[in-house]
Peer 1: 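Mind looking over this structure? Questions follow.
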Amino acid sequence: MILFDGVLALLIVVLAWRCVTAGDLYLGIVVFIVMGLMLALSWARLDAPDLALAEAAIGAGLLGVLLLSTWRALPGHRRQDRDHPPARKAVRWLAGVASVAFGLVMAALLHALQPDEDAAGALALGRLTEAGVEQPVTAVLLNFRSYDTLLEMGVLLMALIGALLARTPLAPYGAATDDGTDSPLIPVLATTFTPLLLLVGAFLVWAGAYGPGGAFQGGAVLGGAGVVLVLCNRLQGAPEAGILLRLLLVLGVKVFILAGLLMLPLEGAFMAYPPGLTYPIMIAIEFCLATSIAVSLLLLFTGTHGVRVPER
Amino acid sequence: MTEWVPVLVVFVPFLAGVVQFMAGRRVIAWWPVLASVATVAVSLWLTFAVAAGGGIEHFMGGWQPPLGIALRADGLATVMILLTAVVGGLVSVYALEAHGTGDPRASHFWALWLMLWGSLNALFLSADLFNIYVTLELVTLAAIPLVLLAGPEKTVTAALRYLQFALFGSLLYLAGVALTYGLAGSLDLALVGPALTDGGITGAVAATCMVVGLLVKAAVFPFHVWLPAAHGGAPAAVSAILSALVVKAAVYLLLRLWTGPLAGLADGLVAQLMGALGAAAILYGSIQAFRQERLKLVVAYSTVAQLGYMLLFFPMAVAQAWEGAVYHGLSHGVAKAALFLAAGNVLVYLGHDRVRDLKGLDRSLSVSLLAFGIAGVSIMGLPPSGGFIAKWLLLRASLETGQWWWAVVLISGGLLAAAYIFRVLRYAFLQAPDRPPATTGPIPPPIMALPATLLALLAIALGFTAAPLLALLGGLPEGTG
């Protein structure tokens, strides 16, 4: 396996290099997606299946889709510019050498660190039974450090607003229409894959309680189902969002905060789950989070404030 | 009940912002008023609770560190939350008109600003290195869309540059946090100190990553290049929030880390280097402010300069420097918000903010210009004002520690500030207009002019309220110096 790991590590470095030096924006994006997949593989090799799933679903999958859809929305002449304005050669060299040096220093220092037996991570593993779920990652994300996860949902919501605002200048160019939406394969794809994706996404959310998975991975797959529907013209962007869609967008963060605040008078601390009810509350919150994540990612893809079913 | 207040200070504004996003434009007339009043109320509750009973601690989820995350409201966090409440409250009054029912993007403004308010409070209260990273991201990702509200076509370049610098800073900080966790096995500010001190080269690299990351976020010279375009291009209310509060949040973290977990690592040479960066920021920012042709850029470069004063704490690191640096943060916060709101009114009225064409505004915009002048007094550090108290404390610290060179910087910074403030006032007041100024907008109504004036008067009032505020702040944390 050493050989495999070595090749994988080398491949990631080469892909990263190609990604920043690609002469063409499109090529850079494709290389970036491949690099994401290789990173997911490397996480799997490091026995971190949760991270592998997240990297594959979000890092390679959705991020790649977002980059490609942005590329497609660019007016023709902007697709040719790789750097705008191009950086001077000295600056590029300086950035490259500094990044390599920084990476080497970090690698050396992290390699030399001895794992601490009293570390918070070890402590968390020892107290999993109190956390209500068997999966350590989920226990940390939704119980021990649920506050971080809650705030991250806020980050996602604000990033969505920012992305929608930043995309406004591109709006006059319109979304490119898909050639080939009349292909006979499209209905088959949409009808076969969407239910499967929804099933896999929901399973991943639920599986987070005892195995690799969770709200972010499951939400990304659910969002992917939405992307498929948009690509097959079963859904399309709309300039305004209805109240239902906005409710789904904030569902996760809102349920999370309200549940947390409710625990203040009941248990004396924000988000201190009452014993016995921990598991059901956490699962309910997971599904709300996954729903909001899925809708946010779908709107990031369409670049619009809402979505609707096209008229036929 | 008191132990719940830190949670409420974070989640009252945060939840209000989420609700604003969901409800959209139909609630613009009343929801922001309710949300701002409630946020100011819980912030004042926290202030009085801490002033009366000392610091408050809350363990999120009931899990104690190192397993969970703690919120700690000590003196430093509380004065920053108070500053946010005062500046945020008055800027909200201004924004009720500027981003009221007439603004098509009003709902986005209020959703982002209320969530930013909660995020800032979360940042000030956080006692966990990784949670601080999350709050830094929250603050940044709220601030950047707010810049875009001025019209994406105009500000998208400035916003993207802001994003690039902010992400670079975050990643450096995060690398430092990762190393720290590897060393200490914990992320709590109160627990990681000894491991970092004994961490040898790893501890030093971790500390450097965190400090440099925060310097980038704080727009400290030479990482200031993103600030003027972003702060100068944003809507006035946003510029006020960004300059008075958002960049200060990063400087706040520098003070908090330096006097907390990094105290054992603080080295005389590094401290002098930090002071030198501050001095360079003061001189460079002031000179650039003097050279700008646009009023909002004058004010934005002034922020680059004023942030430098807070860095002068590091080389001196005595009680008076601590009080002076924090007090400078408070008085600059209110004064700079006043300057930006006043500049915003000029922009509304004239349709431009070219400094040379400000002639003849003294009649129509007298209230806003008065605010500009009064706030300028505090920025220059003239008595009686908060700026004067802060500089006086810093001056005494420099003499007490025998580091006279910082006194030279402090005095030349004040003179340069006087130069760029008076340059603006000279064009506005002293040159009789040959003809009435060509205006494109209405005279800003009192609801837009008065918040600026109130903030400016508060900057003066800070000259008289040092004793209770410094008592609330408390002395220099132990183990520093």
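First the proteins, then the strands, lettered A, B, ... as listed; each starts at 1. What you see is a predicted model, and the numbers here were worked out from it, not measured in a lab.
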Peer 1: Kindly indicate whether the side chain of B:L71, heavy atoms from C-beta on, has any atom under 4.5 Å from the side chain of A:Y147.
Peer 2: yes

Peer 1: Go through B:H108 and A:L164 one step at a time and tell me if the side chain to side chain contact (heavy atoms under 4.5 Å, CB included) criterion holds.
Peer 2: CA-CA 11 Å; B:H108 281 153; A:L164 294 180; 5.9 Å; no

Peer 1: If I measure from the heavy atoms of chain A, does B:D188 come under 4.5 Å with its side chain, its backbone, both, or neither?
Peer 2: neither

Peer 1: Please name the pair of heavy atoms, one in A:G162 and one in B:P145, separated by the smallest distance, quoted to 0.1 Å.
Peer 2: CA-CG, 3.5 Å

Peer 1: Could you tell me which of A:R246, A:E267, A:K254 has the largest number of non-hydrogen atom pairs under 4.5 Å with chain B?
Peer 2: A:R246

Peer 1: Give a yes or no on whether B:R105 atom CZ has more than 12 heavy-atom contacts from other residues, nucleotides or ligands under 6.0 Å away.
Peer 2: yes

Peer 1: Using a cut-off of under 4.5 Å on heavy-atom pairs, state which of B:N131, B:V18, B:L160 scores highest against chain A.
Peer 2: B:N131

Peer 1: Is there a side-chain contact between A:M158 and B:I144 (heavy atoms, below 4.5 Å)?
Peer 2: no

Peer 1: What are the residues of residues 255-265 of chain A, in order of number, with any heavy atom under 4.5 angstrom from a heavy atom of chain B?
Peer 2: A:I257, A:L258, A:L261, A:L264, A:P265

Peer 1: Side chain, backbone, both or neither: which part of B:V7 has a heavy atom under 4.5 Å from chain A?
Peer 2: side chain

Peer 1: Of the non-hydrogen atoms in A:A120 and B:P66, which two are nearest, and what is the gap between them?
Peer 2: CB-O, 3.4 Å

Peer 1: Go through the atoms of A:V155 and report whether side chain, backbone, both or neither lie under 4.5 Å from a heavy atom of chain B.
Peer 2: both

Peer 1: Can you tell me which of B:G185, B:G17, B:G61, B:G68 forms the most heavy-atom pairs within a distance under 4.5 Å of chain A?
Peer 2: B:G61

Peer 1: How about B:I201: does its CD1 atom have over 12 heavy atoms from other parts shown lying under 6.0 Å from it?
Peer 2: no

Peer 1: Quick one: does B:M22's side chain get under 4.5 Å of A:L247's, heavy atoms only?
Peer 2: yes

Peer 1: Can you tell me how far the CG atom of B:L138 sits from the CG atom of A:L151, to the nearest 0.5 Å?
Peer 2: 5.0 Å

Peer 1: Would you say that more than 12 heavy atoms from the other residues, nucleotides or ligands in this model lie under 6.0 Å from the CH2 of B:W45, or not?
Peer 2: yes

Peer 1: Using a heavy-atom cutoff of under 4.5 Å, enumerate the residues of residues 166-178 of chain B that contact chain A, numbered in order, or state 'none'.
Peer 2: B:L172, B:A175

Peer 1: Please report the shortest heavy-atom distance between A:G154 and B:F14, naming the atom on each side.
Peer 2: CA-CZ, 3.8 Å

Peer 1: Tell me, side chain or backbone of A:Q114 under 4.5 Å from chain B's heavy atoms, or both, or neither?
Peer 2: backbone

Peer 1: Chain B heavy atoms under 4.5 Å from A:L123: which part of the residue, side chain, backbone, both or neither?
Peer 2: both

Peer 1: Taking atom CD1 of A:I161 and atom CG of B:L148, what is their separation to the nearest 0.5 Å?
Peer 2: 11.5 Å

Peer 1: Decide yes or no for A:R145 and B:W63: does some side-chain heavy atom of the first lie under 4.5 Å from some side-chain heavy atom of the second?
Peer 2: no

Peer 1: Is it the side chain or the backbone of B:A159 that comes within 4.5 Å of chain A heavy atoms, both, or neither?
Peer 2: neither

Peer 1: Select one option (side chain, backbone, both, neither) describing which atoms of B:V10 are under 4.5 Å from chain A's heavy atoms.
Peer 2: side chain

Peer 1: Does the side chain of A:L150 come within less than 4.5 Å of B:F11's, by heavy atoms?
Peer 2: yes

Peer 1: Would you mind checking which part of A:F102 comes under 4.5 Å of any heavy atom in chain B, side chain (CB onward), backbone (N, CA, C, O), both or neither?
Peer 2: side chain

Peer 1: Considering only heavy atoms, which portion of B:L146 lies under 4.5 Å from any heavy atom of chain A: side chain, backbone, both, or neither?
Peer 2: neither

Peer 1: If the condition is ring pair (Phe, Tyr, Trp, His ring centres under 6.0 Å), which residues does B:F21 pass it with, not counting sequence neighbours?
Peer 2: none

Peer 1: Below 4.5 Å from any heavy atom of chain A, which atoms of B:A195 appear? Answer side chain, backbone, both or neither.
Peer 2: neither

Peer 1: Quick one: pull up OG1 in B:T202 and CG in A:L113 and give me the separation to the nearest 0.5 Å.
Peer 2: 5.5 Å

Peer 1: With side chains defined as the heavy atoms from C-beta onward, is the minimum distance between A:L157 and B:M115 less than 4.5 Å?
Peer 2: yes

Peer 1: Test of understanding: with side-chain contact (heavy atoms from CB on, under 4.5 Å), list the residues that count as partners of B:A41, not counting sequence neighbours.
Peer 2: none

